[in-house]
Protein chains: 2
Amino acid sequence: MRRWSKHSRLSPEDCDAILDLPYAVRTFGKDGYLVREGQEATECALLLHGFAFRQKLLRDGSRQIISFHIPGEFVDLQNALLGIADHNVQSVNRTEAAMIPRNAIIDLATARPAIRTAMWVDTLIDSSIFREWVVNVGRRDSRTRIAHLLCELAMRLEANGDGDGDAFDLPLTQEQLADATGLTAVHTNRTLQTLRREGLIHLNSGSFKILDWNKLREAGDFDELYLHQRI
Amino acid sequence: MRRWSKHSRLSPEDCDAILDLPYAVRTFGKDGYLVREGQEATECALLLHGFAFRQKLLRDGSRQIISFHIPGEFVDLQNALLGIADHNVQSVNRTEAAMIPRNAIIDLATARPAIRTAMWVDTLIDSSIFREWVVNVGRRDSRTRIAHLLCELAMRLEANGDGDGDAFDLPLTQEQLADATGLTAVHTNRTLQTLRREGLIHLNSGSFKILDWNKLREAGDFDELYLHQRI
DNA sequence: CGTTAATTTGAGACCATTCAATTTCGGTGG
DNA sequence: CCACCGAAATTGAATGGTCTCAAATTAACG
């Protein structure tokens with residue numbers, strides 16, 4: 001509700017309807033599967049605690065991460081309509097998610113126009129982020145790519161009310177950052193060292209701090225328009 | 001209507017409502033801009049004739065193509081809700097598009113549930129394709145990448161009723177294929193030669209023919225689930 | 001039929017990968 | 001509190017896929 005309120009006007013009745021949604025809280029350990037590719041989706045997952053990411057596995061065993069998700073976000077809202085999951089969703093760390101039956105989502109969207117629009121906009125913003133990721137892995141070099149990803153994560157965490165100014169809890173491994181940027185873990189490591197040496201970031205297991213926003217932004221060729229945080 | 005009917009049930013009244021949409025036909029020359037990044041969207045473009053693609057330009061002047069679009073497809077339906085375009089849309093060749101006022105789209109979606117759902121599903125399938133493209137440019141080598149893109153285009157053209165069995169009109173330059181796969185035009189050229197030498201495809205300016213579907217599919221690590229052509 | 005765009009070719013350079021080894025870190029049990 | 005363990009991070013050196021730059025050839029078009 002807090003997320004959607006930023007771009008959609010929800011009435012008290014809308015909020016009540018959201019709070020009345022049936023759900024089951026499920027807990028996932030590190031690397032647990034919230035959704036599996038090819039499976040029919042019977043419920044949608046709303047992240048309560050912990051981080052998650054979407055990914056696809058390739059035949060050679062490599063993995064491409066397609067997006068990261070932070071608490072408060074739906075990780076697979078599109079499955080309410082598409083029915084069959086076209087990718088996997090995995091937890092980064094210990095995670096709690098509210099599993100909401102697909103039908104309940106559909107009914108809510110049917111009954112309440114404002115919520116329906118908010119959901120649609122939500123999936124459209126996801127979509128915009130995927131587009132930027134295509135650009136990121138397609139045309140940027142490793143330093144720019146990683147800086148861009150870090151800018152995005154920081155900005156989304158900030159907008160979510162997480163983190164403290166320029167410091168965030170970010171429990172991602174370098175291997176996960178590598179799979180998100182289309183690089184190897186080894187090269188991600190070297191690139192992070194460059195960013196650290198340049199005084200742009202502080203990053204180690206769990207804690208992430210931006211030391212120079214302007215330089216990181218510049219390094220990452222970052223323009224937040226695509227996040228649609230206003231509108 | 002033909003596209004949407006594949007995944008949504010539209011009543012005769014729905015179809016009438018679609019046909020009653022106000023629109024203005026606009027013609028674009030090669031590389032004409034249908035939509036510009038940063039601009040407020042006042043209308044959505046439905047392709048009537050010709051091909052188009054979405055792209056973003058980077059500060060170094062390079063370009064990443066994010067998707068291709070064929071006649072009958074909306075190229076920027078998301079702008080009806082997001083308001084500000086986060087990427088450019090360009091025509092491949094001489095193109096005609098029906099420009100439909102944003103408000104008319106919104107009103108139609110509000111008034112007709114089946115159309116609204118069809119629109120939402122349309123944007124969700126777009127989204128799924130973007131995800132696959134992240135994987136494609138992120139983790140596949142050049143040969144696999146190009147083979148995958150060609151499979152996608154063939155399959156979408158086929159489903160659209162274009163093309164004749166395994167032969168299609170595909171007026172893309174190698175530079176455009178390169179910008180879509182995150183490669184250089186030179187390397188795209190060499191890779192296409194490989195695919196031709198292997199007897200998988202026939203491809204030259206304007207005409208594209210698949211000589212061996214199974215091998216091209218295999219070469220491209222292609223699984224069409226993400227196109228959601230059924231569901 | 002001239003002119004420009006698109007494709008093709010070659011050679012060298014470079015960014016990122018691969019593979020393997022080492023070090024650091026986080027957690028766990030004694 | 002410390003020894004131990006596996007996971008994660010780091011380092012080095014060699015390899016390789018793709019890029020860059022430049023030139024030549026072919027195709028498209030008015």
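FYI, side chains are in, hydrogens and waters are out, and symmetry mates aren't considered; it's all heavy atoms of this structure. Naming: A, B, ... by sequence-line order, numbering from 1 per chain.
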Q. When you check the gap from the basic side-chain N to the acidic O, do A/Arg3 and A/Glu73 get nearer than 4.0 Å?
A.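 Judged by the 4.0 Å cut-off on N to carboxylate O distance, A/Arg3 and A/Glu73 do form a salt bridge.
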Considering every strand and a 4.0 Å limit on heavy-atom distances, what is the contact class for [X]: base, sugar-phosphate, or nothing?
X: A/Gly206; result: nothing
X: B/Arg197; result: nothing
X: B/Asn204; result: nothing
X: B/Leu192; result: nothing

Q. Mind checking which nucleotides bracket the chain A contacts on DNA chain D, 5' to 3', with an atom under 4.0 Å from a heavy atom?
A. D/dA8 to D/dA13
Q: Using a cut-off of strictly less than 4.0 Å, decide whether A/Thr184 has a side-chain nitrogen or oxygen near OP1 or OP2 of C/dT17.
A: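 The answer is yes; a side-chain N or O of A/Thr184 sits under 4.0 Å from OP1 or OP2.
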Q. Are OP1 or OP2 of C/dT7 and a side-chain N or O of B/Gln193 less than 4.0 angstrom apart?
A.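 No, B/Gln193 has no side-chain N/O under 4.0 Å of OP1/OP2 on C/dT7.
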**Q.** Qualifying residue, where the test is side-chain contact (heavy atoms from CB on, under 4.5 Å) with A/Leu172 and the options are A/Leu149, A/Asn93, A/Leu177, A/Ile65
**A.** A/Leu177
Q | Trace of the salt bridge (charged side-chain N to carboxylate O under 4.0 Å, His left out) decision for A/Arg59 with B/Glu218 | A | CA-CA 11 Å; A/Arg59 64 178 158 194; B/Glu218 169 74 15; 3.7 Å; yes
Q. If we ignore angles and hydrogens, is there a donor and acceptor under 3.5 Å between the side chains of A/Gln229 and A/Glu224?
A. no
Q) Could you give the CG-to-C1' distance, from B/Asp31 to C/dT4, as a whole number of Å? A)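 From B/Asp31 CG to C/dT4 C1': 14 Å.
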Q: Identify which nucleotide among C/dA6, C/dG10, C/dT17 has an atom closest to any side-chain atom of B/Lys30, counting heavy atoms from C-beta outward.
A: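 Of C/dA6, C/dG10, C/dT17, C/dA6 is nearest to the side chain of B/Lys30.
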Q.
I want to know whether B/His87 and B/Tyr33 have ring centres closer than 6.0 Å.
A. no
Q) Do B/His202 and B/Phe168 make the cut of ring centroids closer than 6.0 angstrom? A)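 Ring-ring flag for B/His202/B/Phe168: false, centres at least 6.0 Å apart.
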